[in-house]
Amino acid sequence: MKTLNDFNFKDKKALIRVDFNVPLDENFNVTDATRITSAKPTIIKILEDGGSCVLMSHLGRPKGVQEAFSLKHISDDVEDVIGVETKFVSNCVGGEAETAVANLKPGEILILENLRFHEEEKNGDRDFAEQLSKLGDIYVNDAFGTAHRAHASTTIVADFFPENKCFGYLLEQEIKSINKVLKTGEKPVLAILGGAKVSSKITIIENILDAVDHLIIGGGMAFTFVKANGGSIGDSLVEDDKLDLARDIIKQAEAKNVQVHIPMDVIAADAFSNDASTQVCDIKEIPDGWMGLDAGPKSREVFHEIVMQSKTILWNGPLGVFEMENFANGTIALGNSIAEATKTGAFSLVGGGDSVAAVKQFGFEKKVSYVSTGGGAMLESLEGKTLPGIAAILK
Ligand code: AMP
């Protein structure tokens, strides 16, 4: 696996695919610069070697060229984060971009305009990728958030750098973190899967059964498993067409010696509302008219014990409807348990969609070992897929 440290960038121009798809407010101010900060170590290494950086990214979902999606809006933020003045060129391919790259000196940073102003980017167009490839000596992919897409800048362009291509530090760390859970992690390995639906996580569950010793299934997903086992779940979220599948997953887990843990109690509510009346119920005995919206106190205690015994922990998906304050406590308690286990030496990876939002919202970001920067890319990795952007570098 070729990484940044395999190259000396002195007098080289690095063409870096970054993920600067950051959120902007109505005045085009960046409201969360995490993705820019995440690319900083890669950019700094190249500049310190005596090279220059040509940064390419997409921003949003423009239809053709749309000013609102211009990457020029973020160039000041890149300057602030990296601490180096940046140049900007209003196209990502063609003569203007090539001239800007030709004029780039060691220690300088050039930001190319939004890749998705050209539909060839998403189509993975070869000619477009070849044009991009003229803008650097070494191709560096540091965009985990788009590594599951076979786009021109994330995958196809790598073909034009048969020897001179590598992962940036961010992508390297993402790959290592996932491998730690799926392949090399110290045992016992625990995966916690929560969130709304079993259907969106089936492939992940089936794939991780080979890697884990314990599996906690929480959140809305849990009720399909409880009902499949004959429990009464009242009006809780359920996927009736997945009951057989739930039974099959339990069988597969038993065959693979994976211990599956489902909440034993829930905070049940009489409406899907923060102001609903609540009661603590056994998860198998939820009355009609009531729905489980969070893990109950007994479950939190049991989950704490399991987390504390684990040496490698993956967390994907909240344990309850954490967006409502009254149903966030199970997710917060789990976050606290994972933080404590991490402090005492466990490796913890949080990734995929809403769990990242929850971790940030409740301030656990610095208390876990690693928070993945890729939603879809993380989920596909956990499904066991080799992402096209990663395969293109390994090829
Ligand atoms: P996912 O995107 O599949 O990870 O699902 C995240 C969503 O699951 C969040 O918006 C949560 O509010 C929701 N969720 C978690 N637990 C429950 C539950 N018990 N009932 C309904 N929705 C839930």
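Heavy atoms only: backbone and side chains are in, while hydrogens, waters and symmetry mates are out. Both ligands and their constituent atoms are indexed starting at 1 by order of listing. Quantities reported herein were computed from a predicted structural model and do not represent experimental measurements.
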With a sphere of 6.0 Å drawn around [atom1] of [X], does it hold more than 12 non-hydrogen atoms of other residues, nucleotides or ligands?
{"X": "E119", "atom1": "CD", "result": "no"}
{"X": "K180", "atom1": "NZ", "result": "no"}
{"X": "K12", "atom1": "NZ", "result": "no"}
{"X": "E85", "atom1": "CD", "result": "no"}

Query raised in the report: Taking the six-membered ring where the residue is Trp, are the ring centres of H261 and F303 under 6.0 Å apart?
Result: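 Distance test on ring centres: not under 6.0 Å, no.
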
Query raised in the report: Do I217 and V226 sit in the same hydrophobic cluster, where Ile, Leu, Val, Met, Phe, Trp and Tyr count as joined when their side-chain heavy atoms come under 4.5 Å apart?
Result: yes

Show the short N or O contacts, below 3.5 Å, that ligand 1 makes with protein N or O atoms; if there are none, say 'none'.
from     : atom 1 : to   : atom 2 : distance (Å)
ligand 1 : 2 (O)  : D354 : OD2    : 3.3
ligand 1 : 3 (O)  : A196 : N      : 3.2
ligand 1 : 4 (O)  : K201 : NZ     : 3.1
ligand 1 : 5 (O)  : A196 : N      : 3.0
ligand 1 : 8 (O)  : A196 : N      : 3.2
ligand 1 : 10 (O) : E323 : OE2    : 2.4
ligand 1 : 12 (O) : E323 : OE1    : 2.7
ligand 1 : 12 (O) : E323 : OE2    : 3.4
ligand 1 : 16 (N) : G220 : N      : 3.2
ligand 1 : 19 (N) : G292 : O      : 3.0

